[in-house]
There are 2 protein chains.
Amino acid sequence: MDTPLHRKLSSAVSLTDEDVIVVDRLLSTTQVAPAGATLIPEGHVGGEAYVLLAGWAYRFRMFEDGRRQISRLLLPGDFIGLNASYLGMPEQSIVALTDVQLAKIDAKLLMEHFRQSPRLSLAFLWSDTRDRFITEERVASIGRRSAYERLAHVFLELYLRLELIGEAAEDVYSLPLTQEHLADLLGLTSIHVNRVLHRLKNDGLIAMEARTIRLLSREKLMRVSDFDPRYLMHRSPK
Amino acid sequence: MDTPLHRKLSSAVSLTDEDVIVVDRLLSTTQVAPAGATLIPEGHVGGEAYVLLAGWAYRFRMFEDGRRQISRLLLPGDFIGLNASYLGMPEQSIVALTDVQLAKIDAKLLMEHFRQSPRLSLAFLWSDTRDRFITEERVASIGRRSAYERLAHVFLELYLRLELIGEAAEDVYSLPLTQEHLADLLGLTSIHVNRVLHRLKNDGLIAMEARTIRLLSREKLMRVSDFDPRYLMHRSPK
DNA sequence: CGTACTATTGACGCAGATCAAGTTCCGTGG
DNA sequence: CCACGGAACTTGATCTGCGTCAATAGTACG
């Protein structure tokens, strides 16, 4: 098989055939949900864990007065609520951004497998650590980068993350985020995102049409945003 | 023994005597470093892993033009570079904020122990997940909270984290951060931190003298910052 | 073709940055 | 015990990136 999850895990470690079988079995019970569906409700305890097989989702913090901050974007191959489920701790809300396909996974059972396959547990540790690094780089973005730099940075990040799972190539990928999503992800308003997006286009850094983005100069985007790809823990970190 | 690490881990799971012995053995080789010392240099690969036994440290991202963002504050009982060490991946810089006492740990050996003690590995998974939630809440802070709210929030967070390890009680704790550290942690300038700190004092929310902070009204601080303690995954999440 | 998102554009305001001086606090050495 | 030097903290004046408010225009779908 050649799913996003397989690509992702085997980019980190060389899985044996047996590992692959274990992973496949994990993904056996699939289901779908439409865009906008709540996958994990706010504060839900001991909930289910999933692998996102197709489509995008996001995890967010909602404030009492309506402010919203997206804390993490979930792409195909990413885990949803795995740690919280296993620990029996509450999760933040997670909502489907597009129509999604999910595989429900049994967290306890998965942890059981880890005891048998060091490679598998290493791959998951890698995935977990990478998610954390992504969030820490987001802190750096929101805390210290300008709006222009933040957008440049996130478009590069998404390209590399999607490329890893075979969903981006030749500087082009499908971007289902609205300007409001981008704003909530980057700590901005959608109005400002709109203006800065135009600047990026005018400056010849990106082109967008119909939910598709093209990076016209990764080189310039990297320079602009002081992009250091090491945090993504991919193989050939430029 | 009753170290911060023991308190932290046993707050999550009930460790057996044997687990405690394993943990103790991990902490056998201790060393010290002065305030300002670099514990992990930028981009260092396959480095050492430590447990912070005493003192504070921080992990940060430095930009080419000198901007700095602290991505994580490390308190006694926290792990330093554990995942990165085990995975052989590069780490961000980590610097001692105060004089610190460290125990070098062997990441491979520790992972070995996990295979034998489910409780121990659960405790570490809890710690890891909690660190991630803390960072995600920081994203929410920097992205959507005002400077006033951010400071209120971080003072509550630090209180609860320190209380867990027995280093804060009765709304008072020692706060070795300078205003510049606070600024780099919260995505502000030290000048603005200074002004807002005065507002918090005038409003009767906190009092500070000689590197010690007193929370005069946790109630008000929580209201102001829309503080939801669940993300810290402590036992009695009020 | 209406209803409801989503994107766009302009005018204006403000939280927080920047610039520029001080001042206070300490640790250190004479 | 005091003088010195460098952090750390203050305070004021001014500027600006981004937010807020308001209105319009696409677009998508039922």
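Values below: all heavy atoms of this structure, side chains included; hydrogens, waters and symmetry mates excluded. Chain naming here is simple, since letters A, B, ... match the order of the sequence lines and numbering starts at 1 in each. What you see is a predicted model, and the numbers here were worked out from it, not measured in a lab.
Taking five base pairs at each end of the helix from C:dC1-D:dG30 to C:dG30-D:dC1 and finding the rotation axis that steps the C1' atoms of four pairs onto the next four gives two axes whose angle is 50°, to the nearest 10°.
For the pair B:E209 CD and C:dC25 C1', the interatomic distance rounds to 15 Å; values are reported in whole Å. Taking atom CG of residue B:L182 and atom P of nucleotide D:dA8, one finds them 12 Å apart after rounding to whole Å. D:dG19 atom P lies 11 Å from atom CD of A:Q69, rounded to whole Å. Look at CG on B:L188: it is 15 Å from C1' on C:dC14, rounded to the nearest Å. Nucleotide D:dA8 holds its P atom 12 Å from the CG atom of B:D184, rounded to whole Å. B:I213 places its CD1 atom 13 Å from the P atom of D:dC9, with the value rounded to the nearest Å. Atoms CG (B:D65) and P (C:dT18) sit 10 Å apart, rounded to a whole Å.
Between B:E64 and A:R223 there is no salt bridge, since none of the side-chain N atoms of the basic residue sits less than 4.0 Å from a carboxylate O of the acidic one. Salt-bridge check for B:K8 with B:D78: passed, with a basic side-chain N closer than 4.0 Å to an acidic carboxylate O.
Remark: B:R130 is not positioned above the aromatic ring of B:F133, lacking an NZ or CZ atom under 6.0 angstrom from the ring centre and at most 45 degrees off the axis. Remark: B:R161 fails to qualify as a cation-pi partner of B:Y159 under the 6.0 Å distance and 45° angle criteria applied to the six-membered ring.
B:T189 and B:A183 make their closest contact through C-CB, 3.4 Å (heavy atoms, listed as atom of the first residue, atom of the second, distance).
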Yes or no on salt bridge (Lys or Arg N to Asp or Glu O under 4.0 Å) for A:R138 and B:E136, after CA distance, side-chain angles and deciding distance?
CA-CA 9 Å; A:R138 188 84 60 238; B:E136 287 176 351; over 6 Å; no
Go through A:K220 and A:D203 one step at a time and tell me if the salt bridge (Lys or Arg N to Asp or Glu O under 4.0 Å) criterion holds.
CA-CA 10 Å; A:K220 279 188 205 159; A:D203 294 351; over 6 Å; no
Under the side chain to side chain donor-acceptor pair (under 3.5 Å) criterion, do A:Q92 and A:R59 qualify, and how do the steps go?
CA-CA 7 Å; A:Q92 279 183 351; A:R59 190 169 181 281; 2.9 Å; yes
Which letters describe nucleotides 6-11 of chain C, given B = protein heavy atom under 4.0 Å from base, S = only from sugar-phosphate, - = neither?
SSBBBB
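There is no side-chain donor-acceptor pair under 3.5 Å between A:Y148 and A:R195.
Within residues 139-153 of chain A, the residues that have a heavy atom under 4.0 Å from DNA chain D are, in order of number, A:S146, A:A147.
Under the side-chain contact (heavy atoms from CB on, under 4.5 Å) rule, A:L75 has a single partner from A:L164, A:L158, A:L97, which is A:L158.
When the side-chain nitrogen and oxygen atoms of B:T189 are compared with OP1 and OP2 of C:dA17, one or more of them lie within a distance under 4.0 Å.
In summary, the aromatic rings of A:H153 and A:Y231 are positioned with their centroids under 6.0 Å apart.
Note on A:G36: nothing from the nucleic acid sits closer than 4.0 angstrom, heavy atoms only.
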